[in-house]
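See below for the structure under consideration.
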Amino acid sequence: QVQLVESGGGLVQTGDSLRLSCAASGRTFTIYYMGWFRQAPGKAREFVAAINWSGANTYGSDSVKGRFTISRDNAKNMVYLQMNSLKPEDTAVYYCAIGRGATVPTTWDYWGQGTQVTVSS
């Protein structure tokens, strides 16, 4: 069993930055993909970013490219999402997830409980 706990969310203004953290515990997860997703009120959950097990390959949605950066520290069992130039449309609950596969997973095995990010205009 793997447990994921997100932190770092909050209320910020347009243009501000936030860094989300996700702490993983339980089974060894170094060989897994880790990802960030978000869900805004009334909308479906959407993919934000993912990173492979070594950290060499990262992927991001078009809406966050150039603004958000995903990274991981396997020694600390952590994954991070650095969010810069935040916009009101980035307001959502952000979730951390773990999945397996040679490429970005289409199905993710474990999810965190989420952390709220609110960007005021």
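Quick note: numbers below take in every heavy atom, side chains included, and nothing from hydrogens, waters or symmetry partners.
Between D90 and M83, every side-chain heavy-atom pair lies at or beyond the 4.5 Å cut-off. Put simply, the side chain of T115 does not reach to within 4.5 Å of the side chain of S7, judged on heavy atoms. In this structure, the side chains of Q113 and E6 come closer than 4.5 Å at one or more pairs of heavy atoms. Contact annotation: the side chain of V117 approaches that of L18 to within less than 4.5 Å [non-hydrogen atoms, C-beta and beyond]. At a threshold of 4.5 Å between non-hydrogen side-chain atoms, the residues C96 and W36 count as touching. Annotation: side chain of T91 is in contact with side chain of Q116 (closest heavy-atom distance under 4.5 Å). Side-chain atoms of R19 and Y80, non-hydrogen and from C-beta on, do get closer than 4.5 Å to each other. The side-chain heavy atoms of S21 and K76, taken from C-beta on, include no pair separated by under 4.5 Å.
Atom-to-atom distance recorded for T58:OG1 and R72:CZ is 12.0 Å, nearest 0.5 angstrom. Atoms CE and CG, from M34 and N77 in turn, are 8.0 Å apart once rounded to the nearest 0.5 Å. One distance of note links CZ of R38 with OG of S63; it measures 4.5 Å at 0.5 Å rounding. The line from OG1 of T103 to OH of Y33 is 6.0 Å long, rounded to the nearest 0.5 Å.
Between W108 and F37, the ring centre distance stays below 6.0 Å.
Ring orientation note: the planes of W111 and Y95 are nearly perpendicular, at an angle over 60° on the 30°/60° scale.
A 6.0 Å sphere centred on CD of E46 holds more than 12 heavy atoms belonging to other residues, nucleotides or ligands. No more than 12 heavy-atom neighbours from other residues, nucleotides or ligands sit within 6.0 angstrom of CD on Q13.
For S17 against V12, the heavy-atom pair with the smallest separation is O-CG1, 4.4 Å. Between L81 and A49 the shortest heavy-atom distance is CD1-CB, 4.3 Å. The two atoms that bring S121 and T14 nearest to each other are CA-OG1, 3.4 Å, heavy atoms only. When all heavy atoms of A24 and I98 are compared, the pair lying nearest together is CB-CD1, 4.4 Å.
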Does the pair Y32 and V2 meet the rule for a side-chain contact (heavy atoms from CB on, under 4.5 Å), with working shown? CA-CA 11 Å; Y32 288 64; V2 174; 5.8 Å; no
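Between the side chain of D16 and the backbone N or O of L86, no donor-acceptor pair lies under 3.5 Å. Listed for the T118 side chain is no donor-acceptor partner under 3.5 Å among the backbone atoms of G10. In terms of modelled atom types and a separation under 3.5 Å, the side chain of N57 and the main chain of N52 share no donor-acceptor contact.
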